[in-house]
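To start, the structure itself, in structure tokens.
Proteins get letters first, then strands, A, B, ... in listed order; numbering begins at 1 in each. Values below: every heavy atom of this structure, side chains too, minus hydrogens, waters and symmetry copies.
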Protein chains: 2
Amino acid sequence: MARKRITPGKIRLAEVAKLAGVSPITASRFFRNPEALSAGKRARVESAAKELGYVPNLAARALASQRTEVIGVLIPSLTNNVFADVLRGIYDALDGSRYSIQLANTRYSILQEERLLRLFLAQKPAGLIITGINQTADSRRIMETVDCPIVQIMEVGPAPIDMMIGFSHFDAAKAAIAHLLAQGYRRIGFLGARMDPRVQRRLDGYRAAMTEAALFDPQLIVTTAIPTSVTLGGTLFADLLAKAPDIDAVFCVNDDLALGALFECKRRHMAVPEQMAIVGFNDLEFMASSEPTLSSVRTNRYEMGRNAAMMVIETLEGRPPAEAVVDLGFSVMERQSSARRN
Amino acid sequence: MARKRITPGKIRLAEVAKLAGVSPITASRFFRNPEALSAGKRARVESAAKELGYVPNLAARALASQRTEVIGVLIPSLTNNVFADVLRGIYDALDGSRYSIQLANTRYSILQEERLLRLFLAQKPAGLIITGINQTADSRRIMETVDCPIVQIMEVGPAPIDMMIGFSHFDAAKAAIAHLLAQGYRRIGFLGARMDPRVQRRLDGYRAAMTEAALFDPQLIVTTAIPTSVTLGGTLFADLLAKAPDIDAVFCVNDDLALGALFECKRRHMAVPEQMAIVGFNDLEFMASSEPTLSSVRTNRYEMGRNAAMMVIETLEGRPPAEAVVDLGFSVMERQSSARRN
DNA sequence: CAATCGCTTGGTAGCGCTGTCAATATCGGT
DNA sequence: ACCGATATTGACAGCGCTACCAAGCGATTG
């Protein structure tokens, strides 16, 4: 024999409908599309729901409607402040909306990403936000066949899966180097850690700018696969100085490395910027208040997250954004650490 | 008339069962409790599921079983690095398990927290991780009546709702001050931002230590409700110097403030620690590599997150932890910025 | 040899909601 | 007063899975 209802006191949609004197379907519609009801019934259902403290059962809704109101978010790291800002933007945009977030951490592995993607899509998310433009071929194929809005964030590039929001890491790095060149620096070193695809493109931008200026020298480049940290910034900077003692500036692929380099300069009693200019990337909050203040490339991370989430929502509500690819740009923040030579 | 099945090709449990030559119920059991099956059927169902690429429908499962495999996590901030580490611990602990996370941001508001709590609990989470021990009376009541493991994290205190893992912010701050006193500092300032309950308790610890040493002076305390930042650290430190120019040390409620204070010292050409000792709180990564290296109080944030998640899981699997309240302690990291006077 | 036990397996119904389509109410125009 | 069009409402069945209970089965026991 089958089970009996165990919780006879629970408030279901049927109870609300009964109290409001309408059919369950009408009550259901109230929660999904209130405009479809006549004003009278709408008010009746609303007060009935409030009186009973009704909360819809999302599992039942998801089962019956074959979709969820969950937006999947795939980011490579939870620790990196960069993603903290993006996430904050996403959460802010979704706050108060019907949608919620399912967050997963790919740990910079596109295989892990593919695994998580399959997991997500099996649950029919309402939308998807995924980091970067380098996915496995299988991931791409899966995403192209799935029927929900997808936004790739953090960078822009060719062939978006659906939508895209970010900026050009190549251009941003190139602009940072152009700034150093304009300030009169010539032997500009490069410090890179983790070397994920976006960092690689920053390296490409550096290489392009240096080559154009006929100043490129592989000796100026120090990179590692190790995850970034301030301590690592100091270590890499020491390595760079050992390889190329005559450098007059250093471009760091992120602000942690830049801060580490600054501390290492202090340790060696090298004056910044007189003996060594430093430029970071991302413009985290501390860059503007260090001593000396540190130059960096500002990226609009919060806006990126916020807009990405809004693009998903707008699409879901039938108002897809005019542009599928949004370039948020960047700005080179020129501060004391890269002041003009002499 | 009712709708027809729209997706005839979809792989459901019934298909797996058919291919495996067992009843749907047996197949269902395989996914929930494989040990209950005989070895033969287990293998058959397993290979059938793999062959068809079966992925269970979580909505249907949640609806039928009246529970979910989601652990709710309520934290006050996404930006604060402290919570990033905790989150990483939680995600790591749940990685590979059947459980997933629903994350929400209370923005340091216990009213917001209560709202989110109701939202969460209405969906019958498998467990709950909530920050701190200061909830509204209603929140407490709700949590006490709900039937799922709950872990309060970040601090320990009396009357846990269910389980608890953290450390004493009072003791930690007191130990930091004791360290400064032992090093010979006497006029020790206090810098506080945001002033959430845990920061308040750090202030209490400071006050207790200073009072015991007969050195307490309200002029030494500068606090603000503004969220913390490195820049703010510099500003508050400047305020403190204006109020009490004769201080010889400063205790900052977090490392960002400490870094800001360090930069402000450099700007004023005050030698650290000769003219001004600095101690932070949390021991973020950069504290060990700044110049000079900065003393701090190490807190075990990753472990806190990891253990909290494991406590929830273990309880769910019928192996509740021996101790409901876990004190992870702290350690005072003594570095150059608080080296002995003279 | 029947009774008992423990393990595995299956049948039935229902979890709470919504898609589909039909039915009814409302309305303006002729 | 009639017609068609539009807005509102309702009936039905089913989304995919699992709780509950019962039955099958071989082994053990008195």
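The shortest distance between the side-chain N/O atoms of A/Gln66 and the OP1/OP2 oxygens of D/dG16 is below 4.0 Å. Look at B/Tyr54 and you won't find any side-chain N or O under 4.0 angstrom from OP1 or OP2 of D/dG16. For C/dG10, the OP1/OP2 oxygens have a side-chain nitrogen or oxygen of B/Ser23 closer than 4.0 Å. The shortest distance between the side-chain N/O atoms of B/Ser28 and the OP1/OP2 oxygens of D/dC17 is not below 4.0 Å. Taking side-chain N and O atoms only, A/Thr26 has no distance below 4.0 Å to OP1 or OP2 of D/dT9. A sub-4.0 Å separation between OP1 or OP2 of C/dC17 and a side-chain N or O of A/Ser65 is absent. Remark: B/Arg32 is not in phosphate contact with D/dC17, judged by side-chain N or O atoms under 4.0 Å from OP1 or OP2.
Using a 4.0 Å heavy-atom criterion, one finds that B/Arg67 contacts the sugar-phosphate atoms exclusively. Counting any heavy atom pair closer than 4.0 Å across all strands shown, B/Ala36 reaches sugar-phosphate atoms only and no base atom. Note on B/Phe31: nothing from the nucleic acid sits closer than 4.0 angstrom, heavy atoms only.
Regarding B/Ile25, its CD1 atom lies at a distance of 11 Å from the C1' atom of C/dA13, rounded to whole Å. The distance between atom CZ of B/Arg61 and atom P of D/dC15, rounded to the nearest whole Å, is 18 Å. Rounding to whole angstrom units, CG of residue B/Leu58 and P of D/dC17 are separated by 10 Å. The separation between A/Arg29 atom CZ and D/dA7 atom C1' is 11 Å, rounded to whole Å. Separating the CZ atom of B/Arg42 from the P atom of C/dC7 is a distance of 14 Å, rounded to the nearest angstrom. If you take CG of B/Leu63 and P of D/dA19, they are 12 Å apart, rounded to a whole angstrom. Between the CZ atom of B/Phe30 and the P atom of C/dT8 there is a distance of 15 Å, rounded to whole Å. Atom-to-atom, NZ of B/Lys124 to P of D/dC17 comes out at 20 Å; the value is rounded to the nearest Å.
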Less than 3.5 Å apart, which donor and acceptor atoms pair up between the side chains of residues 157-165 of chain A and the rest of the protein, not counting sequence neighbours?
unit_1   : atom_1 : unit_2   : atom_2 : d
A/Asp162 : OD2    : A/Ile150 : N      : 2.8

- request: I would like to know whether A/Arg42 and A/Glu46 meet salt bridge (Lys or Arg N to Asp or Glu O under 4.0 Å); could you show each step before the answer?
  value: CA-CA 6 Å; A/Arg42 193 182 322 157; A/Glu46 182 163 21; over 6 Å; no

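Below 30°, between 30° and 60°, or above 60°: for B/Phe31 and B/Tyr54 the angle between ring planes is between 30° and 60°, a tilted geometry.
Distance from the side chain of A/Leu37 is smallest to D/dT9 among C/dT18, D/dT18, D/dT9. The side chain of B/Ser38 sits closest to C/dT8 out of D/dG16, C/dT8, C/dC17.
In this structure, CD in A/Gln135 is found 4.0 Å from CD1 in A/Ile130, a value given to the nearest 0.5 Å.
Nearest-nucleotide positions on DNA chain D place A/Glu35 closer to the 5' end than the other of A/Pro24 and A/Glu35.
Side-chain contact check for A/Arg32 and A/Ser28: at least one donor-acceptor pair (N or O, by modelled atom type) lies under 3.5 Å.
Applying side-chain contact (heavy atoms from CB on, under 4.5 Å) to B/Ile75 and the options B/Ile129, B/Leu87, B/Val86 leaves one that passes, B/Leu87.
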